[in-house]
Amino acid sequence: HLSCKIGVQSPKNLEFFKKSNEYSKYEVLYNWTKPEIKNNGKISKYFESQIKNKLVLVYGGNIGVAQDISNVLNLAKNLKKNKKIIFLLIGDGTEYEKIKLIINKNNLKNVIIHPSILNDQYQAVLNRSDIGLISLNKNLRTENLPGKMLEYMKYSLPILASINKGNNFDKLIHDHGAGFVSFNGNDKEFKKNALKLIDDELMLKKTSKNSKNLLNKVFHVRSAVERILKSIKK
């Protein structure tokens, strides 16, 4: 009751509050970040040796039920014969050991999984990567704008995502040409989208540029400040 304005993460979240008597208080306020890259660290010899001369599809973050990383492994299986790419999964979580077992059981030599690393090392990995991966469990019922997406965009990584239905951030990505999004369970579309980036160098460069532009336009800390100040003036 004391708030003049309440920020929610996405348009879908805003719809949830339409039934509220205080609906007018709510407005969309996206997550924000500074787009500048300050990391000057070099990628570790271990990671460099693993991804040398490869086009890198990176995932960084929690490896839990909500992320359904087995979804990414299905993509890796479907692209197993493509020798120019490597999947790099970095993070921790309840499903880490399970995912590691699936990788070994299926002999997925195109997938590297590694526990969380220090932030400066992770930034160096992103700087060397080519495509940012996002996966969300198809059973989720809410809209989610993963924070990792902003980190990918800092390094101009096109977004390759497979998400739950009812999650509308695909429109944001597609409208800005910043990557490709499909729904979890549609492995054929996920593979098709991946190949659009892997096999077309011009498309990779275009979506890379658009990814950084999207960050600057929508998720820049400046945009959040302007939005907040505008609300105060009202």
Side-chain angles (χ1 to χ4, degrees), residues 43 46-91 93 95-115 122 125-138 146 148-149 151-153 155-165 167 169-170 173-174 177-208 210-211:
I43 191 168
Y46 167 76
F47 284 116
E48 184 55 49
S49 65
Q50 296 294 314
I51 65 179
K52 189 176 182 180
N53 300 322
K54 298 284 187 179
L55 189 145
V56 181
L57 291 84
V58 66
Y59 173 90
N62 191 47
I63 299 178
V65 174
Q67 290 73 35
D68 187 19
I69 301 302
S70 60
N71 182 37
V72 174
L73 297 188
N74 287 337
L75 177 63
K77 289 178 190 176
N78 290 330
L79 293 173
K80 201 171 182 180
K81 294 181 180 179
N82 193 315
K83 301 301 181 184
K84 74 176 183 179
I85 66 172
I86 192 81
F87 288 80
L88 181 55
L89 314 178
I90 300 175
E95 303 296 291
Y96 183 92
E97 291 301 327
K98 176 183 174 182
I99 295 301
K100 193 173 181 180
L101 285 173
I102 295 173
I103 293 169
N104 292 333
K105 183 178 179 180
N106 291 276
N107 194 30
L108 294 177
K109 293 182 179 180
N110 61 343
V111 181
I112 299 164
I113 187 168
H114 193 282
Y122 177 59
V125 167
L126 290 181
N127 195 38
R128 170 60 183 82
S129 299
D130 301 283
I131 297 169
L133 291 166
I134 291 174
S135 176
L136 292 173
N137 195 303
K138 63 183 178 181
K148 63 177 67 65
M149 187 170 77
E151 288 294 303
Y152 296 159
M153 288 178 173
Y155 289 89
S156 303
L157 302 185
I159 305 301
L160 178 62
S162 176
I163 63 176
N164 56 302
K165 290 183 178 180
N167 199 332
F169 88 72
D170 61 318
I173 299 300
H174 289 155
F180 298 98
V181 184
S182 59
F183 291 121
N184 189 333
N186 191 340
D187 292 343
K188 185 176 180 181
E189 190 71 13
F190 199 11
K191 179 183 177 181
K192 181 180 177 182
N193 286 342
L195 290 175
K196 287 177 184 177
L197 296 171
I198 294 166
D199 290 340
D200 189 337
E201 188 175 348
L202 289 177
M203 178 61 77
L204 186 65
K205 288 181 179 180
K206 181 181 177 181
T207 50
S208 172
N210 289 343
S211 179

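Atoms considered below: every heavy atom in the structure, side chains included; atoms not considered: hydrogens, waters and symmetry mates.
- Checked against ring-ring contact (aromatic ring centres under 6.0 Å, His included), Phe47 has the following partners two or more places apart in sequence or in another chain: His114.
- Of all heavy-atom pairs between Phe183 and Ser162, the closest is C-OG, 3.8 Å.
- Heavy-atom contacts from other residues, nucleotides or ligands closer than 6.0 Å to NZ of Lys138 number 12 or fewer.
- For the residue pair Tyr155 and Leu126, the shortest heavy atom distance occurs at CD1-CB, 3.7 Å.
- Atom CG of Asn193 and atom NZ of Lys196 lie 4.5 Å apart (nearest 0.5 Å).
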Evaluate side chain to side chain donor-acceptor pair (under 3.5 Å) for Asn184 paired with Asp68, printing each intermediate quantity in order. CA-CA 9 Å; Asn184 189 333; Asp68 187 19; 2.9 Å; yes
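- Salt-bridge annotation for Lys205 and Glu201: present, with a side-chain N of the basic residue lying under 4.0 Å from a carboxylate O of the acidic one.
- What you find for Leu73 and Ile103 is that their closest heavy atoms are CD2-CG1, 3.9 Å.
- More than 12 heavy atoms of other residues, nucleotides or ligands shown are found within 6.0 angstrom of NZ on Lys80.
- Note that the CG atom of Leu75 and the NZ atom of Lys191 stand 9.0 Å from one another [nearest 0.5 Å].
- For Lys84, the side-chain contact (heavy atoms from CB on, under 4.5 Å) criterion is met by Asn82, Ile198, Asp199, not counting sequence neighbours.
- Ser135 contributes a side-chain N or O that, together with a main-chain N or O of Gln67, makes up a donor-acceptor pair within less than 3.5 Å.
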